[in-house]
Amino acid sequence: MADTHTKVIKDRWQKLKELEAQGIDPYPNGIARPERIGAIIDVYGEYDGDALQGVKEEFYVAGRITGLRRFGKAAFFHIKDDTGRIQVHVRKDILGGRFSLFKKLDIGDIVWVRGSLFRTKTDELTIACSDIGLASKNIRPLPEKYHGLRDKELRYRQRYVDLIVNDEVKDIFRKRAKIIQVVRHYFTSNGFLEVETPMMQSIVGGATARPFITHHNALGIDLYLRIAPELYLKRLIVGGFERVFELNRNFRNEGISLQHNPEFTMLEFYEAYSTYEDLIDRTEELFSLIAKELYGKTVITYQGEEIDLTPPWRRLTLKQSLIENGHIDEERLFDREFLLKCLSDHSVPAPKGDEIGIGKLWTRLFDLLVEPRLIQPTFITHYPVEVSPLARRNAEDPDVTDRFELFIAGREIANAFSELNDPRDQKKRFEEQVAKRGDDEEIPPEVDYDYIRALEIGMPPTAGEGIGIDRLVMLFTDSASIRDVILFPQLRPER
RNA sequence: GGGCCGUUAACUCAGUCGGUAGAGUAUCUGCCUUUUAAGCAGAGAGUCGCUGGUUCGAGCCCAGCACGGCCCA
């Protein structure tokens, strides 16, 4: 594919040679910095034809040629930069000798244009071109002007083309940047310190997921790409940074799907002297703030569903949700055989491991029966200890933890808990986890004793939360696939 | 990992019953000084994803593989 030499491409190479023969550099250096098209439209967008006649100024813009319409001795085209697009009118009688250069230009070329503003018969704001020059020659033609680039594979592999021809793609990534900006501002302005912790770790931890393994030659050791920053961020809480957050990449060596990319962006934040219930407030505050910044309101639409992010949001325990949304009889919630049968009735394989606890069965059933139905924002609380190895036990019921997961549009989007800071309990849970691991590659193969040592130094009562940024961006940009919110999603290499 | 669907010109897509490849856009040539999916006339452009099989004959049927999409796990 990379070597295709079609007629069009050959023609363009030929034109490039002809331009060079005329002394025109197809890739010149030192083009004067242009004005931004968006800024011109902001000022003159409302001027009518008469008003524009009073504007004597010449404008100077640069961008890519799209939609070229030639008329022999004249032409119209649009020139598009990062801020907008504007029509340009070219006339042979005005351009003179430059017109022969213009005749060699193509759709897709990047040019600079100088000229004054006027309105056409159809009342479109247009630059009357007095001078034009080449800034960068296009060799490969752009996709068809009406349908654009539809092939999803090509859109992901050649995102640079997708961005040029599909305007809504740029909009999604601008919104992504905006969301990250709002998140960062929210935390820094609330006294959180932004930190960066290791992505290459010698012991994995902080989540259950299969890691990528790499090798450090000089140290002669294997390292894991992190699946979560959690244990390092809590070491910082021990160290006295009482409010920290990290907004960065995690890596999980698992399948690729509409909701999973092997590398993805995670926000984790930890706050000393707060509980998971305080984080419920922060979460509601943060999400409604993002909605307001992006759309000016707290009701958004996702895949045809109206989602109301106005606080407060619904809260219920995992157990309640299984009864209310999963329609499981309360008396049978501890009936292991019944729960296993429920799973097999839906052809879901039983969880891995020798001793399948009630907790794992509950979360498995939850994923099946409840999660898809949680369209409006819902906090699910009181997860069993068995599935929450880093969370503090609930004071009233030591079998469950002070934890919530947040679900919106049928998907998990955040996970938070009051942190387990008792080194005895933590050590015991780690050791049991490793002992029961078997060949489950999602469980860390060894105990992080340095983390236990840190807890022995003493971690204040703390709560922490993780929010999947890609899923957050999907929600706020109405995107069905995670690939639509990651600029270069992982694909098999092109052959 | 399993199921279903897709892969035809640079792009978007047709392709009937198995009979030797089509359109629009883009490109090239000619005409054209207010168009905007400009228009009119003409031309060129294809390893029909790959490999094998069936057949007198395969874009079409069969098998395997590759890549992608969707669903399930």
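A, B, ... follow the sequence lines: proteins, then strands. Residue 1 opens every chain.
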K.L.:
With rounding to the closest Å, how many angstrom separate the P atoms on B:G22 and B:G64?
P.N.:
32 Å

K.L.:
Is any side-chain nitrogen or oxygen of A:R492 closer than 4.0 Å to OP1 or OP2 of B:C67?
P.N.:
yes

K.L.:
I'd like to check the salt bridge (charged side-chain N to carboxylate O under 4.0 Å, His left out) partners of A:R91; sequence neighbours left out, ordered by chain and number.
P.N.:
A:D93

K.L.:
Only counting residues at least two apart or in another chain, list the ones meeting side chain to side chain contact (heavy atoms under 4.5 Å, CB included) with A:P372.
P.N.:
none

K.L.:
Any stems for RNA chain B, made of 3 or more Watson-Crick or G-U pairs in a row, each with both distances under 3.5 Å?
P.N.:
B:1-7 with B:66-72, B:10-13 with B:22-25, B:27-31 with B:39-43, B:49-53 with B:61-65

K.L.:
Students often get this wrong, so: under 4.0 angstrom with heavy atoms, is A:R85 touching a base, only sugar-phosphate, or nothing?
P.N.:
nothing

K.L.:
Which whole-number value in Å describes the distance from A:D11 CG to B:U29 P?
P.N.:
8 Å

K.L.:
With sugar-phosphate meaning primed atoms plus P, OP1 and OP2, does A:R150 contact a base, only sugar-phosphate, or nothing at under 4.0 Å between heavy atoms?
P.N.:
sugar-phosphate

K.L.:
Name the closest nucleotide to the A:L149 side chain, picking from B:C67, B:C11, B:U34.
P.N.:
B:C11

K.L.:
Please report the shortest heavy-atom distance between A:D81 and A:I37, naming the atom on each side.
P.N.:
OD2-N, 2.9 Å

K.L.:
If every non-hydrogen atom of A:Y224 is compared with every non-hydrogen atom of A:S202, which pair is closest and at what distance?
P.N.:
CE1-O, 3.4 Å

K.L.:
Looking at B:U35, does its base get a donor-acceptor pair with the side chain of A:Q87 below 3.5 Å?
P.N.:
yes

K.L.:
Write down the protein N/O and nucleotide N/O pairs, taken from nucleotides 30-32 of chain B, whose separation is under 3.5 Å; answer none if there are no such pairs.
P.N.:
{"residue": "B:C32", "atom": "N3", "partner": "A:G72", "partner atom": "N", "Å": "3.2"}
{"residue": "B:C32", "atom": "N4", "partner": "A:G72", "partner atom": "N", "Å": "3.1"}

K.L.:
Just checking A:E144: base, sugar-phosphate only, or nothing, at a heavy-atom cut-off of under 4.0 Å?
P.N.:
base

K.L.:
Side-chain polar contacts of residues 46-55 of chain A - donor-acceptor pairs under 3.5 angstrom, sequence neighbours left out - could you list them?
P.N.:
{"residue": "A:D48", "atom": "OD1", "partner": "A:D50", "partner atom": "N", "Å": "3.2"}
{"residue": "A:D48", "atom": "OD1", "partner": "A:A51", "partner atom": "N", "Å": "2.8"}

K.L.:
Under 3.5 Å, is there a donor-acceptor pair linking the side chains of A:R150 and A:N166?
P.N.:
no

K.L.:
With sequence neighbours excluded, what pairs up with A:D25 under the side chain to side chain contact (heavy atoms under 4.5 Å, CB included) test?
P.N.:
A:Y27, A:P28

K.L.:
Looking at A:F264, is A:R471 sitting on its ring face, NZ or CZ under 6.0 Å from the six-membered ring centre and within 45 degrees of the normal?
P.N.:
no

